[in-house]
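Values below: all heavy atoms of this structure, side chains included; hydrogens, waters and symmetry mates excluded. Being a predicted model, the structure only gives us computed values, none of them experimental. Numbering of ligands and ligand atoms starts at 1, following listing order.
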Amino acid sequence: MDTKLQTENLMDNGNFWFPEAVSTFATNVDTLYSFIMFLSYLFFGIIIAATIYFLVKYRKTPQHRKALKHITHNNLLEITWTVIPLFLLMVIFFWGFKDYLNMNIAPGDSQEIRVTAKKWVWDFYYPDTGLTTSSELTVPVNKPIKLIMSSVDVLHSFFIPNMRVKKDLIPNRYTTVWFEAIKPGKYQIFCTEYCGKDHSNMLATLTVLSESDYQEWVKAGDPNKSLPLDQLGQKLYTDKGCVACHSIDGTTNIGPTWKGLYQSNRTFTSGESHIADDNYLRESMVKPMEEIVEGFQGVMPTFAGSLSDREIDAIIEYIKKIK
Ligand code: CUA
């Protein structure tokens, strides 16, 4: 799964603080950030310099053992140090509020894509073309993209550093983000809300294509369509996140290993037992809570709706091959 990490895009093309700015509003975010940061540096410098100056100038000496005058307040000074920060904070507030609205209200002509998070994989559904992808989001350049997102299990957070968008995904609720990419390329997507054991591997790639490349991508349709079933199953094993819980080398993980699984005798927490045939494997994906294998906890989310029938067949064919 580590191969999905495209860190070169984050490290190589950006500046010291940020990865390369690739969405329409990313530069605004960076400018406001820099403004606040340098303003903080400026006041840090002024305050430290004044402190040191006063420490030295008004230190206790044999000639000056106590203050010459007792001063309680100074109106001019107090108004100055209230009005200047008020003015600066108002600038930051209105500047930030304008960008906040801009980042939260998607343009009316946005292309909508649905995002579903589950432990530990990202699924994308493109309503206008009917395509689905996992661990890979493909969008056209120079087109506002609105993501309508939800989670099927716990809190996750969707983060594309290059686009400067980040939003939590919440079970039983939709949240949205939008961005418009200004440059084709591949960019890293992270989960940034701790969501369990494989949170740090919950990655995806954003592929931004030129308009003509995107049309071709849509025309090519499902890239998995032409794969033989067992090879498709092998691909889905990582794309759909099965790898997080099920080993293929016999190691016991959160879930049972797939090695030697097919046609083996399974004993369940209910005390019953039977052979792992095609129907059992299918049921384990669609209704994972029906039968829990002895020695494991029922923590698998359902893949009903997120795996097509062909994909379920493919995973079964792949499991058959792991002897
Ligand atoms: Cu999903 Cu962290």
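- For the side-chain hydrogen bond (donor to acceptor under 3.5 Å, both in side chains) test with Ser134, the passing option among Asp239, Asp123, Thr238 is Asp123; the others fail.
- Taking the six-membered ring where the residue is Trp, the centroids of Phe268 and Tyr280 are separated by under 6.0 Å.
- When atom 2 (Cu) of ligand 1 is compared with the N/O/S atoms of His199, atom ND1 turns out nearest.
- Under the 6.0 Å cut-off for aromatic ring centres, Phe38 and Tyr41 qualify, their centroids lying closer than that.
- Cluster annotation: Ile319 and Val293 are assigned to the same hydrophobic cluster (Ile/Leu/Val/Met/Phe/Trp/Tyr, side-chain heavy-atom contacts under 4.5 Å, transitive).
- At a cut-off of 2.8 Å, Cys195 is counted among the residues with an N, O or S atom near atom 1 (Cu) of ligand 1.
- In summary, Met202 places an N/O/S atom under 2.8 Å from atom 1 (Cu) of ligand 1, meeting the contact criterion.
- In the hydrophobic clustering of ILVMFWY residues, with side-chain heavy atoms under 4.5 Å counting as a link, Ile148 and Ile189 come out apart.
- Computed with atom 2 (Cu) of ligand 1 at the centre, the Cys191 SG to Glu193 O angle is 100°, stated to 10 degrees.
- Atom ND1 is the N, O or S atom of His156 at the shortest distance from atom 1 (Cu) of ligand 1.
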